[in-house]
Structures are given as structure tokens and as C-alpha cells.
Amino acid sequence: MEFILVTPQARPGVALIQLNRPKELNALNLQLMGEIRDALKELDEDEAVRVVVVTGNERAFAAGADIKQMAGKTAIDMLITDQFSTWDAIRKFKKPLIAAVSGFALGGGCELTMTCDMIVASETAQFGQPEIRIGTMPGAGGTQRLTRAVGKARAMEMVLTGEFISAHEALAAGLVNRVVPVGQYLEEAYRLAAKIAAMSPVVARLAKESVNRAFETHLDEGLHFERKNFYLTFASEDQKEGMAAFVEKRKPAFKGR
Ligand code: CAA
């Protein structure tokens with residue numbers, strides 16, 4: 001891997017993917033996105049990994065898709081390159097993904113945080129979809145996910161003016177889970193990840209799928225999907241263990257089976 005660093009056990013059960021193109025503010029070129037896809041494939045297959053944290057550095061999570069790589073392309077080049085296939089792979093990742101964000105999360109960088117399941121931000125984090133300033137618009141889900149996260153009025157303003165919002169504005173708008181001082185954002189993401197890593201991974205997978213369905217379908221279909229996954233948890237040893245532990249007043253030991 002040239003543009004990312006992967007630590008499969010950064011904490012027990014928690015892997016870290018760190019974007020590592022610091023001079024370019026972690027601009028997301030095709031190779032970097034391919035590396036994330038390949039790393040996630042391995043982490044999905046690694047049973048010891050239960051949650052993945054994705055981060056950048058203090059100055060930038062990622063300042064967007066690589067403008068220099070895209071600048072001269074035609075629409076047909078873009079179509080053939082099919083750059084969003086890597087994004088589809090991230091979207092389909094089965095385990096919980098937490099973005100630990102400091103500094104710029106712009107354009108594709110903001111979209112990558114929103115493709116994750118939760119966002120922990122440092123006080124210096126800035127979120128934005130500034131594509132309109134360079135004559136284009138979000139292409140990796142920004143118009144859809146931002147609108148679902150923060151509502152139409154604010155999403156429309158961000159997408160049409162390209163202006164950024166601060167970490168605290170993002171928290172108030174419901175885009176991020178929590179904001180912490182800059183020295184603590186990664187630790188805080190690990191803390192959140194550790195809580196989830198202590199749960200049954202099979203149930204976490206079914207629950208993640210079900211929450212995501214809320215954004216992908218209508219209520220009736222979503223409720224149906226949720227119910228099936230709820231019933232499916234009763235086929236797991238972890239459900240038996242979790243409920244037995246409650247009755248016996250002890251901590252459950254989940255096995256992922
Ligand atoms: N692509 C390629 N290179 C980038 C980049 C990007 N998205 N963002 C920053 N860089 C590079 C800069 O070109 C610069 O490189 P050089 O030193 O070689 O010139 C280096 O990173 C540092 O950047 P700046 O000197 O610009 O740093 P700054 O602190 O003055 O400004 C910034 C920071 C406001 C983030 C500014 O860099 C910026 O506006 N970046 C572009 C943001 C943007 O438009 N993102 C959307 C991209 S399109 C997209 O993402 C489409 C999609 O939906 C998938």
C-alpha cells in the first residue's frame with residue numbers, strides 16, 4: 001500500500017486505516033481509493049477485526065477527490081474509469097466503520113466520512129462540498145447523504161455555495177456523532193469502536209444493515225427487513241449467550257457465532 005497505512009489490531013478488535021498522502025492533504029486519487037477497497041476486503045475476512053476506524057491526519061482527513069488527476073478527463077474517460085466502483089465496495093463493507101476526522105473533510109473527503117457509519121470529529125474539523133467552486137458537483141454521494149444527514153436547506157446551501165461548516169455546526173446539524181479536542185479525536189474514535197467491538201459481531205452486522213436500510217427504502221420494506229434480521233439474531237449463539245448472561249447477572253462473552 002502506497003497511500004494508506006493499515007493496522008489490523010490498532011486496539012483489540014479494532015483496525016485502523018490511515019490515509020497517507022499528507023502533502024496533497026490526502027486527496028483521494030484512484031490508487032488510494034483502490035487501496036482502501038483492497039484493505040477493507042482483507043479486514044472484512046479477518047474475524048479478529050470487528051470495527052474499522054478510518055482517519056487522516058490533524059490537518060486533513062481528505063481534501064476531496066484528486067483534482068489534478070481529474071482535471072483533463074472527458075465524461076467518457078470518467079465513465080470508463082468507473083471510479084465509484086471502489087466507493088460501492090466501501091458502502092457494502094459489512095463491519096462498522098468509524099471516521100475519525102480532523103481538519104479538512106471536503107468534497108470526496110466529506111463523502112468518505114458520510115460513507116462511514118459514524119463520525120468522530122476534532123474541534124478543528126471542517127466539512128464541505130466545495131465542488132461547485134471548481135465547476136462540478138458532488139459525485140460520491142454528497143447530494144444524497146448530506147441531505148439525509150443535515151436536511152435539505154443546509155445541504156442545499158453547502159452544495160450550492162461550497163462553504164464549509166465547522167465541527168460544532170456539523171454536530172448541531174446531526175452530521176457527526178461527537179466533537180472532541182484535537183488531541184483526542186483518534187482516541188475517542190477508538191473508545192467508540194471498543195464499545196461496539198465488545199458486542200456480537202454478527203448482530204452488529206445485521207443491525208448495521210438494518211439501519212442503512214432506513215436510507216435505502218420505504219418504511220414498510222425497511223420494517224420488514226429489520227424484522228427478518230431481528231429473527232435471524234435468534235439463530236445465533238450470541239443471542240442465547242447475551243440473554244442468558246442478562247438473566248444470570250454476568251457479562252456476556254460473544255463469539256461471533
Ligand atoms: N486534489 C489534488 N490536490 C489537492 C487537493 C485536491 N482535492 N486539495 C489540496 N491539494 C493539494 C494542493 O494542490 C497543494 O499541492 P501543491 O503544494 O503541490 O500545490 C497541497 O494539496 C496543499 O493544498 P493548499 O496549498 O491548497 O492548502 P491550503 O491550506 O491553502 O488550502 C484547501 C486547503 C482549502 C483544502 C484547498 O487545498 C482546497 O480548496 N482544496 C480543494 C478542495 C476541493 O475542491 N475538493 C473537492 C474536490 S472534487 C471532488 O471531491 C469530487 C467528488 O465528489 C468525488
Side-chain angles (χ1 to χ4, degrees), residues 2-5 17-38 40 54-93 97 99-116 119 121-150 152 154-170 175-176 182 185 215:
E2 187 181 349
F3 295 130
I4 64 171
L5 302 169
I17 296 179
Q18 181 171 22
L19 312 187
N20 191 32
R21 285 187 85 198
K23 279 209 298 250
E24 294 83 6
L25 305 184
N26 291 330
L28 306 168
N29 64 14
L30 295 173
Q31 184 181 330
L32 188 155
M33 292 308 299
E35 288 180 7
I36 295 180
R37 176 202 52 213
D38 295 347
L40 287 178
V54 182
T55 197
N57 55 54
E58 260 185 41
R59 186 169 177 221
F61 176 80
D66 190 323
I67 299 169
K68 291 165 192 165
Q69 193 174 53
M70 287 185 299
K73 289 197 172 161
T74 66
I76 299 303
D77 293 333
M78 296 294 276
L79 187 76
I80 292 169
T81 307
D82 191 19
Q83 70 188 78
F84 297 121
S85 61
T86 51
W87 292 77
D88 292 339
I90 300 169
R91 181 165 73 90
K92 290 183 183 145
F93 185 64
L97 274 173
V101 181
S102 180
F104 300 114
L106 306 176
C110 185
E111 290 166 306
L112 182 56
T113 68
M114 294 188 291
T115 308
C116 293
I119 303 173
S122 90
E123 281 171 342
T124 63
Q126 296 185 72
F127 297 85
Q129 297 289 161
E131 290 91 340
I132 199 162
R133 295 185 187 170
I134 55 167
T136 185
M137 58 175 279
T143 62
Q144 304 305 299
R145 292 204 176 89
L146 189 65
T147 307
R148 283 166 166 77
V150 306
K152 177 180 167 182
R154 194 179 283 257
M156 198 65 96
E157 186 172 336
M158 288 173 70
V159 170
L160 296 185
T161 67
E163 282 173 8
F164 310 160
I165 59 171
S166 69
H168 285 292
E169 285 172 299
L175 179 63
V176 309
V182 68
Y185 69 98
F215 299 99

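Order of appearance sets the numbers: ligands from 1, and atoms from 1 within every ligand. These numbers come from a predicted model, not from an experiment.
- The closest non-hydrogen atom to atom 41 (C) of ligand 1, taken over N26, L106, L25, I67, comes from I67.
- Per-residue contacts place G108 under 4.0 angstrom from the following atoms of ligand 1 (heavy atoms of the residue considered): 49 (C), 50 (O).
- Checking side-chain atoms of D66 against main-chain N and O of A27 turns up no donor-acceptor pair under 3.5 Å.
- Among the atoms of Q83, none of the N or O lies under 3.5 angstrom from an N or O of ligand 1.
- Distances from atom 26 (O) of ligand 1 to the protein include no heavy-atom value under 4.0 Å.
- From L106, atom CG reaches atom CD of E131 across 8.5 Å, with rounding to the nearest 0.5 Å.
- Looking at T86, its side chain never comes within 3.5 Å of a backbone N or O of R37 through a donor-acceptor pair.
- Atoms of ligand 1 lying under 4.0 Å from any heavy atom of P130, numbered from 1 in the order shown and given with element: 43 (C), 44 (O), 45 (N).
- The line from OG1 of T55 to OH of Y185 is 4.5 Å long, rounded to the nearest 0.5 Å.
- Annotation: F84 places no N or O atom under 3.5 Å from an N or O atom of ligand 1; distance criterion only.
- Under the 4.0 angstrom criterion, atom 39 (O) of ligand 1 counts as lacking any protein heavy-atom contact.
- Closer than 4.0 Å to atom 35 (C) of ligand 1 lies at least one heavy atom of the protein.
- The backbone N or O of F3 sits nowhere less than 3.5 Å from a side-chain atom of Q31 that would complete a donor-acceptor pair.
- Under 3.5 Å, the side chains of T74 and D77 contain a donor-acceptor pair of N or O atoms.
- Atoms of ligand 1 lying under 4.0 Å from any heavy atom of G107, numbered from 1 in the order shown and given with element: 46 (C), 50 (O).
- Residue nearest to atom 2 (C) of ligand 1, selected from I132, I134, L28, D66: D66 (by heavy-atom distance).
- Not a single donor-acceptor pair under 3.5 Å links the side chain of Q69 to the backbone N or O of N29.
- Taken to the nearest 0.5 Å, the CD1 atom of I67 stands 10.0 Å off from the OG1 atom of T136.
- In terms of protein heavy atoms, atom 45 (N) of ligand 1 is closest to A63 O, 3.0 Å.
- Annotation: cation-pi pair R154/F127 absent, no NZ/CZ under 6.0 Å from the ring centroid and within 45° of its normal.
- Taking all heavy atoms of E24, K23, R59, K68 into account, the minimum distance to atom 18 (O) of ligand 1 is reached by K68.
- Residue K73 qualifies as enclosed at atom NZ: its count of foreign heavy atoms under 6.0 Å is above 12.
- A donor-acceptor pair under 3.5 Å links the side-chain atoms of E111 to the main chain of G142, judged by distance alone.
- For atom 48 (S) of ligand 1, the nearest non-hydrogen atom of the protein is E131 CG, 3.7 Å.
- Here the protein heavy atom with the shortest distance to atom 5 (C) of ligand 1 is A27 CB, 4.0 Å.
- An N or O contact shorter than 3.5 Å links A65 to ligand 1 by distance.
- Residue contacts with ligand 1 include P138, since one or more of its heavy atoms lies under 4.0 Å from the ligand.
- Against a heavy-atom cut-off of under 4.0 Å, E111 is close to the following atoms of ligand 1: 52 (C), 53 (O), 54 (C).
- Within a 4.0 Å radius of atom 21 (O) of ligand 1, the protein contributes at least one heavy atom.
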